[in-house]
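See structure below.
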Amino acid sequence: MHWSDVIAQRLTERGNDHIIATGITPSGEFHIGHLREILTGDMIARAARRSGLNAELVFVVDNADPLRKVYPFLDKSYEDFIGHQLGSIPAPDKDGKPDWRRFEEEGWSYGDHFLQPFLEALKQIGVEPRLIPNLTSYREGKFADSAKKACDNPDAIREIIERVSGRELPSNWFPWQPLDSKGSLDGLDVTGYNYPMVTWTDKDGNTGESNISKGEGKLPWRLDWPAKWGFNHITCEPFGKDHGAAGGSYATGVEIAAFFGHEPPQSLVYEWISLRGKGAMSSSSGNTVGPIEALRLVPPEILRLLIANSKPNKAIEFDTGMGLVNLADQYERLASRNFDEELSNDSLSRRQRVQIEDAQAALRLSMTTSTQEAKATSVSFRHLALLAQIKPKDEDIWSSLIESGAITNPNSVLSDRLERMRAWIDSEHFPEEMRIMILNEPDAASLGELDEEQRNLIPIIAGELQNAQWTAEGISLAFKNAANSADAPMRSMYRACYAMFMGSERGPRLAPILANCIRDEVCNLAQSCADSV
RNA sequence: GGGCCUGUAGCUUAGUCAGGUAGAGCGAUGGACUCUUAAUCCAUCGGCCGCGGGUUCGAACCCCGUCAGGCCCGCCA
């Protein structure tokens, strides 16, 4: 059974109506790691609906969380905002400086700034969750009940956290973080509590009051999370392994939720995504690939497949090079399979059956809409990468594909893919081994590997090219003439050509590539090869 | 220190919850197509399932131990 169906089955035991929650702090640029959170939730929601449940996906935007530090992409003036809530401070402009104008005129906050592009990527990828800005929930008093219960019984909460997490809380710990007069959550000591007011003093001895029912402050994370499970009626939530460890915030959350008087959601812990060879993704270190950037290179279905086809507890190494090629080709293979036919075979073992069913589910979840049918384009990623490199004009690619019988008409899926393919080829991520390179000078090693017959062809090829008409057909003809005049098989001829022009044993069809190269350079290269053997 | 996750073919992995001959894909190798769109098709090779013990008629799977990697017990998807 696919992992999303396993969770859906557990939800079935729990009831009919479900709210599946995801949540991210908009402290910096979103990356594909965050995509796993949302897509995991989206796939659970789809699986739940498939098994007949009502399921809604929500995205809690944790914009009540404070700014932790001045990240490298921020101007140092953000120093003043440390401890301030992300939804209540201005967004950085293109120089990293606070954009006060937009903040005051439009209310455009730091959190909005980073959230917006992510939402656009989500839309492309087929996910449109209901947004729940957490700061708004505080200001609307949604946290009031839980905050009251916690502040009325600080010792009970303290006991849970200390026992479950095994860490000791400071003696002045209080289950409410008040905002000071400037809007910071940092550095305050709670001095008293009389519902709904919490009194505090800051480092400089200033005192003030905070109303816990109006969001003049926030619950610490370990309470904030279980509290919102309650009033948002969350029944299921996937979260990263950081929250999932024993003694982590889910473990304390389960008990705190019970104390608040509601059931904790069905959990699903997922592993992190790292960037191949570069370690975990992190917004602050700049070691990221954004969802937008990823979508410029590959279609959304393929990004979805990455998540759908990996079990949540498997770490994913995102590889923007050959890994993407393999992933894309895997998608094509899946799309061209006939699963129903495969499953109708009665002699399948239980394992084989499970494997086919999971592949079918993964492909279904890769579609950007749940009703869409996967269609194979019958053109592999590799093939398209090749054509895109040798043919600058899209029409030439379509006519080549039609000629070879791969397609009958160019369609929107293919032209969309070609557009992304060209972006990928132009980017730093395109793998070297996929790049077609015509040599600048003879490659002695490759030429040395040729046998005598092949070596003898080199001067003949060089000569024929001199006289060839410089089109794909003309060059093709020159190759044929060369082979004929030496009475050699075409196979040897091509073997010699690849050694001459690409320094390899095999390669893509040469004539159209050479036709797109400068004639003199190719002829000079051929002549140098002839001279060197 | 306490805990969680991961370890299966060269690579990516399925299978572990419900024990019953270890399955794929990529790569590699060989072949076919009167020869090349790195195509396609066919075949082959490749596994002490991290290691040691235990339970069992039978263990990749359950139990105990151990090694390695990652992570958590302030904050983080």
Side-chain angles (χ1 to χ4, degrees), chain A residues 1 6 22-25 27-28 30-41 62 65-69 161-162 164-170 220-222 238-252 269-274 279-284 309-317 319 322-323 325-327 329-330 333-334 348-359 362 379-380 382-387 390-391 397 400-401 403-406 433-434 436 472 479 483 489-495 497-498 502 504-513:
Chain A
M1 209 183 335
V6 173
T22 59
I24 300 170
T25 306
S27 56
F30 284 69
H31 50 67
I32 51 169
H34 296 115
L35 215 48
R36 189 171 206 175
E37 163 104 5
I38 303 281
L39 281 177
T40 304
D62 280 317
D65 292 0
L67 184 70
R68 297 272 171 216
K69 59 178 177 183
I161 295 179
E162 292 194 332
V164 178
S165 76
R167 79 176 220 260
E168 214 173 301
L169 294 171
W221 164 245
R222 280 177 186 262
F239 47 85
K241 61 174 176 179
D242 47 336
H243 295 316
S249 48
Y250 183 73
T252 52
V269 178
Y270 61 85
E271 254 284 357
W272 302 69
I273 296 183
S274 60
M281 233 170 281
S282 151
S283 312
S284 50
N309 206 32
S310 314
K311 295 209 302 187
N313 64 2
K314 284 282 176 189
I316 294 178
E317 265 198 25
D319 174 1
M322 280 314 286
V325 180
N326 292 331
L327 186 66
D329 282 347
Q330 188 190 5
R333 270 196 308 277
L334 283 174
L348 291 174
S349 70
R350 190 185 116 218
R351 281 173 198 164
Q352 287 170 317
R353 189 166 291 277
V354 164
Q355 203 163 336
I356 296 169
E357 284 168 353
D358 283 359
V379 181
S380 77
R382 286 186 143 80
H383 189 176
L384 194 63
L386 179 78
L387 291 176
I390 61 177
K391 294 182 190 290
I397 292 179
S400 158
L401 286 169
E403 219 170 281
S404 67
E433 61 179 286
M434 294 280 290
I436 295 176
F479 287 158
M490 286 297 275
R491 182 177 215 149
S492 300
M493 206 285 311
Y494 277 116
R495 181 74 176 72
C497 281
Y498 286 110
M502 299 183 77
S504 57
E505 288 180 36
R506 291 189 305 170
R509 193 174 211 173
L510 261 177
I513 299 172

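Below, chain A is the first sequence line, B the second, and so on; all start at residue 1.
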Expressed in angstrom and rounded to an integer, what is the separation of [X] atom [atom1] from [N] atom [atom2]?
| X | N | atom1 | atom2 | result |
| --- | --- | --- | --- | --- |
| A:Lys311 | B:rU8 | NZ | P | 14 Å |
| A:Glu168 | B:rG2 | CD | P | 19 Å |
| A:Tyr250 | B:rC73 | OH | P | 17 Å |
| A:Glu317 | B:rG70 | CD | P | 12 Å |
| A:Arg222 | B:rC76 | CZ | C1' | 13 Å |
| A:Leu334 | B:rU13 | CG | C1' | 13 Å |
| A:Asp242 | B:rC71 | CG | P | 11 Å |
| A:Leu169 | B:rC73 | CG | P | 13 Å |

* Would you call A:Phe479 and A:Leu510 a side-chain contact if the rule is heavy atoms closer than 4.5 Å? -> yes
* A:Met1 side chain reached by A:Glu357 side chain, heavy atoms, under 4.5 Å -> no
At under 4.0 Å between heavy atoms, what does [X] touch on the DNA or RNA strands: base, sugar-phosphate, or nothing?
| X | answer |
| --- | --- |
| A:Ser310 | nothing |
| A:Phe479 | nothing |
| A:Arg68 | sugar-phosphate |

Roughly how far apart are [X] [atom1] and [Y] [atom2], rounded to 0.5 Å?
| X | Y | atom1 | atom2 | value |
| --- | --- | --- | --- | --- |
| A:Arg36 | A:His31 | CZ | NE2 | 13.0 Å |
| A:Glu317 | A:Ser310 | CD | OG | 11.5 Å |
| A:Thr25 | A:Leu67 | OG1 | CG | 11.5 Å |

Rounding to an integer number of angstrom, what distance separates [N] and [M] when you compare their [atom1] atoms?
| N | M | atom1 | result |
| --- | --- | --- | --- |
| B:rC48 | B:rC11 | P | 11 Å |
| B:rG46 | B:rC35 | C1' | 29 Å |
| B:rC45 | B:rG31 | C1' | 14 Å |
| B:rU13 | B:rG50 | P | 15 Å |
| B:rG47 | B:rC62 | P | 25 Å |
| B:rA24 | B:rC42 | P | 13 Å |
| B:rC4 | B:rC51 | P | 22 Å |

Any [X] side-chain N or O less than 4.0 Å from OP1/OP2 of [N]:
| X | N | answer |
| --- | --- | --- |
| A:Lys314 | B:rA14 | yes |
| A:Trp272 | B:rC76 | no |
| A:Asn309 | B:rU13 | no |

* Identified pairing partner of B:rG65, criterion: Watson-Crick or G-U wobble below 3.5 Å -> B:rC51
